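By convention in this document, chain letters (A, B, ...) are assigned in the order of the sequence lines, proteins followed by strands, and residues within each chain are numbered from 1. On a predicted model such as this, the values are computed, not experimentally measured, just so you know. Computed from heavy atoms alone, side chains included, the values below leave out hydrogens, waters and symmetry copies.
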There are 2 protein chains.
Amino acid sequence: MNTDVFLCSNCPMTRTMATLGSKWKPIIIYTLGKKSVRFGMIHAKMGLISRKVLTQQLVELEEDGIVARQAFKELPPRVEYSLTPKGLELLPILNMMTKWNLKHNPTVEEG
Amino acid sequence: MNTDVFLCSNCPMTRTMATLGSKWKPIIIYTLGKKSVRFGMIHAKMGLISRKVLTQQLVELEEDGIVARQAFKELPPRVEYSLTPKGLELLPILNMMTKWNLKHNPTVEEG
DNA sequence: GATTGTGGTAACCTTAAAGTAACGATTATG
DNA sequence: CATAATCGTTACTTTAAGGTTACCACAATC
């Protein structure tokens with residue numbers, strides 16, 4: 001019988017979850033999709049996220065090479081975010097998660 | 001231009017992340033794989049998780065229909081956990097996440 | 001009658017993530 | 001010189017997740 005202990009710190013799945021597994025990151029990635037989107041527009045689309053947290057998450061996503069940030073030297077400032085190739089490759093995974101959920105969870109109507 | 005606000009509460013991806021996106025759940029699912037595994041064995045394999053948290057996560061996974069719990073009427077007690085069909089369908093998704101990470105993140109050797 | 005093995009539970013504490021509210025920089029506009 | 005627009009930052013508070021320790025039930029064994 002296999003009794004090897006699973007080593008979290010070195011597990012690619014755990015690292016992926018550590019990268020994506022926050023409340024907002026998957027939604028940010030989905031919101032960006034294949035487009036380049038301004039900070040204010042991301043914020044508006046996501047509705048309830050605070051600007052502080054959105055900034056934080058975007059910085060982390062950029063550090064992880066998932067999102068690219070492009071700042072234009074204009075005033076008032078304009079900053080656009082888009083997915084890198086690495087980030088784009090997450091879209092099919094997020095899509096599978098969506099399909100899995102739709103298949104197994106009957107849609108809940110609230111309110 | 002599309003300015004629709006994204007509704008998190010009704011988003012299948014967000015619901016999926018809410019279901020899976022904890023520190024331990026993906027590892028539990030991966031540890032179970034296609035087998036039926038005793039509580040103590042899961043705990044031993046996962047190394048650092050506390051029994052309290054493991055119990056908690058297993059209860060939630062069972063409530064979400066991802067894991068099945070089978071208690072044998074023996075003493076000392078024996079309880080085995082396994083993935084339901086719904087849970088088994090997560091394995092390829094977790095696998096894609098693993099592949100994505102291995103492709104993009106050079107393995108880090110620590111210690 | 002003390003010890004072992006198994007799958008838990010209960011009470012409490014710590015830490016990490018997220019939320020809130022106010023402010024900063026810069027230029028154009030009125 | 002006050003206001004608006006845009007993308008932030010800073011300091012502080014709240015909330016949720018996870019961790020720690022000790023305990024319980026029950027039968028078999030010594």
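The rotation axes computed at either terminus of the helix from C/dG1-D/dC30 to C/dG30-D/dC1 lie 30° apart, taking five pairs at each end and rounding to 10 degrees.
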Grab the N/O contacts between the protein and nucleotides 26-30 of chain C below 3.5 Å, and write none if there aren't any.
none

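For the pair A/W100 and B/L90, the minimum side-chain heavy-atom distance is below 4.5 Å.
Residue contacts for A/Y81: at a heavy-atom cut-off of 4.0 Å it reaches the sugar-phosphate backbone alone, with no base atom in range.
For A/V79, counting side-chain heavy atoms from C-beta on, the closest listed nucleotide (C/dG19, D/dC7, D/dG19) is D/dC7.
For C/dG19, its base sits under 3.5 Å from the side chain of A/K52 at one donor and acceptor pair at least. For B/K23 against D/dG18, no side-chain N or O and base N or O form a donor-acceptor pair under 3.5 Å.
As a whole-Å value, the separation of A/L54 CG from D/dT6 C1' is 13 Å.
When the side-chain nitrogen and oxygen atoms of B/R38 are compared with OP1 and OP2 of C/dG5, none of them lie within a distance under 4.0 Å. Between B/Q57 and D/dG18 there is a side-chain polar atom (N or O) within less than 4.0 angstrom of OP1 or OP2.
Judged purely by distance below 3.5 Å, without hydrogens or angles, the side chains of B/Q70 and B/S36 never pair a donor atom with an acceptor atom.
A salt bridge links A/K103 to B/E89: at least one charged side-chain nitrogen sits closer than 4.0 Å to a carboxylate oxygen.
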